Every structure is written in structure tokens, then in C-alpha cells.
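Data block below; observations after.
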Amino acid sequence: MALEWWPPSATWAIMAFSTLFIAARQLSARKLDPREPPIVSPAIPFIGHLLGMAFYGGRYLKQIGIRNRERTPIFTLPVPNSRIYIVTDPSLAAAVQRASKVLSFTPIIPEVTERILGLDKATVEIARKNLDPAPGEERGFLADIQEMVYTWLGPGDYLSELTSAAANQLKVEVADYITDLRVRRVNADGVDLLVWVRHCVTVATAQYLYGPRNPLVGDPSLEKAFWDFDHGLGMLLMNIMPSITAAKAYAGRERLVAALADYLEAGTYKTASKIVQERVALALQHGWTLRATARSELSFLFAGIVNTTTSTFWIVLQLFADPELLRAVRGEIEALLTRDDDGNAHTLAIDDLKNQCPLLNAVYRECLRLNSDNNSVRIVKEDTLLSERWFLAKDSVVQIAGGVIHADSAIWGSDVDAFDPKRFLGQQAGSNKDRERERQVHPAAFRAFGGGKTLCPGRHFAMNEILSFVALVVLQLDIAGEDGGRIKVPRKNDAVLPVHILEPVVPVLVSVRPREGWDTRRELRIVLKHSIMYN
Ligand code: HEM
Ligand SMILES: *[C@@H]1O[C@H](CO)[C@@H](O)[C@H](O)[C@H]1NC(C)=O
Ligand SMILES: CC(=O)N[C@H]1CO[C@H](CO)[C@@H](O)[C@@H]1O
């Protein structure tokens, strides 16, 4: 009788499980300090957020960020044994950047590079030494190489030298392609635009950084190995038996490393750009072997290629997808061309592309805003009170949510998801509303190049290079949809771990022709007038 209400064992199991589940949720939702940012608990206790990130990539964090940004400028994601704090507000992002002593990026670098580049233990030990040296303290390898790269790629003569080398190499790539189109009459329908841009940038970058005898010249199949490596970065980063779970990326990386190691050991790097020679010299000074240095050089080649490629792709795509925009930008660029005295050449000055083409510059920024979802990551080195208000626990992670900030309608306007370069035109824009908006945009809201201490050292160079490449294409080519019609702009693929500017969800197939009305008998020269003034 008394046993009649006794539930069957399956029900017991469910009840026990639910109790545990609720207890676990409450445990994982407990604050470590009353001032810790509001906690966003995962649906599945503890591991829910990690599963979400693994399955949905960057989109997972981005959507949590968008749902919570109205409520709080920073929130806490509990994960096993740690916390991830997500910052979705530009002024708090600036506060994170200022607190670079306690919220530091550098401890992450050896960890990440070990996984992505496959560094051996001895080299990682060298890389870990004196990461954040105080003035007067001995400087480690990373501190030295960062300072050198930031200085050399900063405004000055070397930047001009490298810009000029890059622009002229890209010029050769475009010219070779046009020759193919004209002389060999190759079929240029159904060209995958991203694949074409990738090829030009990969070959040109290898050339201007690693010289005319770079590894890709000897073995063109390394170009494919490079992109195999790039597309498996997320899995390499997870580092769960990468030779199996990221087989193609792993194989591609090892082939590139072997080729770069041979190149270094043969002394061929003495024909490379000065910045590469200096990087190698620094690595040797710090006790790196040449074979380990090959891995660090792969990371430099990678930094030089990947974001430039995808940014250029989006800019070219957006321009050719909108005839009116194309006409306006072509107008801006053509107005810069000067004819040499003998009338045999046009000259285009890269300085002018930056200073005298407001619409082209606005398209550049808008493409970066729309397609960079990557977060800036910092480690909390000790318990910290951020902005005198938010408690951040030692050994947790702070991420500035670039994707969330780039998609915030309170910052960019109600049409935040649309491509509209005019939002960057500021003073030149027609309406007062635009001007108002431009004035209100916080400097830390544009995050494509990171911010604070981890601002991209290549940002001046990248802009020079990308604007040059776009100008060369816009002046000399006509690009239309596959059937000769309008080009459709696909969505970006944000379901991956965003390690660089996002790629489209589907390939964009186009037909490419030499531009009608462009006089190919005249040489197109691309130059720098003088050392550029930077803002
Ligand atoms: C549109 C193009 C580019 C974008 C959007 C971009 C963006 C970035 C960002 C956001 C970082 C910081 C990474 C972090 O926080 O982990 C970074 C780092 C870096 N970038 Fe770029 N970058 C671009 C082009 C380039 C180019 C062309 C070069 C070199 C030729 C370059 C060289 C580097 C290097 C060496 C680092 C590492 C800095 C360090 O760890 O100290 N970048 N880039
Ligand atoms: C490429 O750009 C993204 C987005 O701005 C950034 O987060 C990432 O660190 C960059 N990667 C490299 C290798 O420069
Ligand atoms: C959150 C995130 O995906 N961050 C990535 C941003 O890009 C760098 C370098 O490309 C990666 O190391 C981070 O993991």
C-alpha cells in the first residue's frame, strides 16, 4: 500500500540527475566576488560554453554577446576551473587595453605558437623567457622580435621600401594575369575570386619577404600547402592528436617548414628582405636552431598573407558588385594618375591612394568592420578591479568581443549589418546624422587591427599594400558575375573559429576581362612620392 506511490527506478534516476544538474548549474553560476561581472550560465553546467564554442565557432560567443550587451558592458562565462570575461563596450575595451601590466597578451604567445607552429619543447622554453621585461631587465626573444618588427614596420624609410617592393610585386602578378588573358586567350569565366586573390597575394608576399629564391618558387605546390595549413588552424589550436584530427593542415605545415628550413640552412635568406634577415639574426642570437626558426618564419609569412588576402577579396568584391560605387572609386583613383613627360607611362602614387581617395578608404574600413569577428584575448595575471568596478580573477581570460562591437547598432547605426562605406565618410558625408555618428564612434570600437599593446604592427603596411592591389585591379580589369551579370555578395562564414578576416560561405565565381578602354600600351607605374605621413 505504502509502496503504491513509489516511483519506478527510471523516474528516480531522472530526479537524481535533475537535482545534480540544478546543483551543478548553481555552483557554476556562483560569483567568486560580489563585484565579478554578471554570470551567463551555460545550458549544460560547466562544459556548456566550451561545447558551444567547439560546435558553433565564433558565432556562439558573438550571439551570447549580442544578447547581453544591453544589460552589461562585461559578463562572465564560467568554464571548467576558470572564467572567461567578455567585454562588449568600447570604453571598457580601452580600459582593458590600458591595464596591459595585469591584463597581458604575451603569456599566451608561447602556448599558441607551440600548438599552431609545432615548436619543440626546448624552443618554447627559450620563447617563455623574459616575456614582459621591465626596463633594464634582460630581454627575451619575443620582446626583442616584437620591438624590432613594430619599429621597422612603423612609419619611416623601411616601411616605404617594403611597401614599394610589395606594390611592384603585386603589379607583376596582375600584369602576368592580363597577359594570360590577352595573349593566351585563357578562359576567364568561372574564376573563383578568392582563389585568384589568394594566388596573387601568396606568391607576391613570398617574393617580397623571402626574395626571388623563396621556397614557393622552387615548389609551387607549397601554395596549396599554405592554405591547407590556414584552413586547419582551429583544429591545430585544439591540439588533440593534430596529425590525425588536422591531417591536411598538419601535413601542409610540415612541408612548408621543411622547405623554409632548407632555405635557411642553405643561407638563401641572405637574399630575403631586410626585415626577414633581421628576424633570423635575432632568433640565432637567442639560441634558436635554424630548423626551429623556420617555424617562426612560417608565422611571419602567415601574418603577411592571410588577412591581406581576405580583406582584398571583400573590397574588390564589394566594388565590382555595385556599379555606381565602382564608378565613383575608379574616378577617385583615375584623378590621381599623372602622365610622364614622354607620355609613355601613367604613374600612381600610393601616398595619394591613402590621402586623396576618401571613398576607397571608407570601403576599406567598412570591409574590415564587417568581416573581422576575432576577439582580442588577455590573461589576468593577478586579481584586478577593472575601471574600479569589475572584479577579474587571477588566471582567467578576458576577451574584447570584436565581432559584437562591430555589430553594435548603438555604435554604427540601425543599418549595422549592411555594407555602407558612407558611415566612414564623416565630414564628407551628406547628412548631419552621419556626421553625428562619425563623431560619436569611440576609437576603440574599430577592432580589426586589435588595440592597445597588441595593435597589429603591419597595419600601415597592410593598408598601403591592399589599397595598391585594389587600385591595380580596379584600373586594369573588368569583373562581372559568372554569366556576365551582376555579382552577388554572399554572407561571411562566421561558424568557424575566427583566426582571421572571415571568408564567404560560398565561393564567388566571376568572369574577368581586361578593362575596356584602358590603354595597355602605356606602362602603369606605382610609386611612393615621399615618406608617408601617418596619423
Ligand atoms: C588587413 C590586414 C591585417 C589585419 C586585419 C591584421 C590584424 C592583426 C591583429 C588584430 C593582430 C593582433 C593579434 C592578436 O591580438 O593576437 C595582428 C598581429 C600581427 N600582424 Fe597583422 N593584420 C593585417 C596585416 C598584416 C600584415 C600585412 C603584416 C606583415 C607584413 C602583419 C603582421 C603582423 C604581426 C607580425 C603580428 C603579430 C604581432 C605580435 O604578436 O607581436 N599583419 N594583426
Ligand atoms: C587577422 O585579423 C583578425 C581580425 O581583425 C585578427 O584577429 C587576427 O589576429 C589577424 N591575424 C593575423 C595573423 O594577423
Ligand atoms: C577568440 C579567438 O578566436 N581569438 C583568436 C584571434 O586570432 C588569434 C591570432 O590569429 C588567435 O590566436 C586567437 O585564438
Side-chain angles (χ1 to χ4, degrees), residues 58 93 96-97 100 103-113 116-117 127 131-132 140-154 158-159 162-163 165-167 170 197 201-202 204-206 208-210 229-230 233 237 273 275-276 278-279 296-315 364-365 367-379 398-403 405-406 446-470 492 494 496-503:
V96 170
Q97 287 165 190
S100 65
L103 307 180
S104 175
F105 175 69
T106 31
I108 307 173
I109 300 178
E111 186 91 12
V112 169
T113 46
I116 288 188
L117 302 174
L131 277 175
D132 267 329
F141 168 72
L142 279 173
D144 265 355
I145 205 150
Q146 272 175 350
E147 188 187 79
M148 185 277 287
V149 170
Y150 273 86
T151 311
W152 287 40
L153 292 182
Y158 188 68
L159 176 61
L162 198 66
T163 294
L170 287 162
V197 173
V201 175
T202 311
T205 308
Y208 70 71
L209 284 182
Y210 293 89
F229 167 58
D230 173 68
L233 269 189
L237 205 56
S273 62
I275 191 168
V276 164
E278 184 69 11
R279 285 176 58 90
S296 140
E297 285 317 295
L298 177 57
S299 79
F300 193 52
L301 184 64
F302 180 80
I305 292 176
V306 289
N307 276 329
T308 298
T309 297
T310 333
S311 313
T312 305
F313 160 79
W314 285 112
I315 298 168
Y364 172 81
R365 288 175 76 79
C367 285
L368 289 177
R369 177 189 73 84
L370 273 175
N371 300 301
S372 58
D373 271 11
N374 192 248
N375 292 356
S376 314
V377 182
R378 304 282 195 280
I379 297 287
V398 182
Q399 296 196 10
I400 301 171
I405 295 177
H406 285 159
F446 183 79
R447 306 215 54 85
F449 290 105
K453 240 186 139 185
T454 58
L455 201 53
C456 170
R459 65 196 184 283
H460 305 298
F461 173 74
M463 184 170 185
N464 293 347
E465 182 189 28
I466 292 169
L467 294 186
S468 301
F469 188 23
V470 169
K492 61 186 174 184
D494 58 3
V496 294
L497 267 189
V499 287
H500 54 67
I501 305 282
L502 296 171
E503 297 184 351

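Values in this document were obtained by computation on a predicted structure and should not be read as measured data. In each ligand, atom 1 is the first atom listed, and ligand 1 is the first ligand listed.
Heavy-atom contacts of A448 reach the following atoms of ligand 1: 5 (C), 7 (C), 10 (C) (cutoff under 4.0 Å). Ligand-side atoms of ligand 1 in range of G450: 10 (C), range being under 4.0 angstrom from any heavy atom. Atoms of ligand 1 found under 4.0 Å from any heavy atom of F105 (numbered from 1 in listed order, with element): 14 (C), 16 (O). Near A462, meaning under 4.0 Å from any of its heavy atoms, are these atoms of ligand 1: 2 (C), 24 (C), 27 (C). Contact atoms of ligand 2 toward F302: 13 (C) (distance under 4.0 Å to a heavy atom of the residue).
Taken from CZ in R447 to CZ in R369, the straight-line distance is 14.5 Å, to the nearest 0.5 Å. We find the NZ-CG distance between K492 and D373 to be 4.0 Å, quoted to the nearest 0.5 Å.
Among T454, L153, T205, the residue whose heavy atom lies closest to atom 15 (O) of ligand 1 is T454. Distances from atom 25 (C) of ligand 1 to the heavy atoms of A303, P457, S372, G402 show the closest one on A303. Checking N307, I501, L368, D373 against atom 10 (C) of ligand 2, the nearest heavy atom belongs to N307. When the heavy-atom distances from atom 29 (C) of ligand 1 to G452, G451, A143, G304 are ranked, the shortest goes to G304.
A448 counts as a contact of ligand 2, since one of its heavy atoms falls under 4.0 Å from the ligand. Residue contact check for ligand 1: S376 places no non-hydrogen atom closer than 4.0 Å to it. Residue contacts with ligand 1 leave out N374, since none of its heavy atoms falls under 4.0 Å from the ligand.
In I466, the part holding a heavy atom less than 4.0 Å from any atom of ligand 1 is the side chain. The proximity of S311 to ligand 1, defined as any non-hydrogen pair under 4.0 Å, is limited to the side chain.
Of the N or O atoms in N374, one or more lie within a sub-3.5 Å distance of an N or O in ligand 2. Checked by distance only, ligand 1 and Q146 come closer than 3.5 Å through their nitrogen or oxygen atoms.
Proximity of a side-chain donor or acceptor of Y364 to a complementary backbone N or O of I466 within less than 3.5 Å is not detected. Looking at N371, its side chain never comes within 3.5 Å of a backbone N or O of I501 through a donor-acceptor pair.
The aromatic rings of H406 and F446 are tilted relative to each other, their planes meeting at an angle between 30° and 60°.
With sequence neighbours left out, L370 forms a side chain to side chain contact (heavy atoms under 4.5 Å, CB included) with E366, F419. Taking P110 as the reference, V124, R128, L131, L142 meet the side chain to side chain contact (heavy atoms under 4.5 Å, CB included) condition, with sequence neighbours excluded.
A donor atom on one side chain and an acceptor atom on the other are found under 3.5 Å apart for Y208 and E465.
Just one of F300, Y158, F461 meets the ring pair (Phe, Tyr, Trp, His ring centres under 6.0 Å) condition when paired with W152; it is Y158.
Using a 4.5 Å heavy-atom threshold, the side chains of S273 and L162 count as touching.
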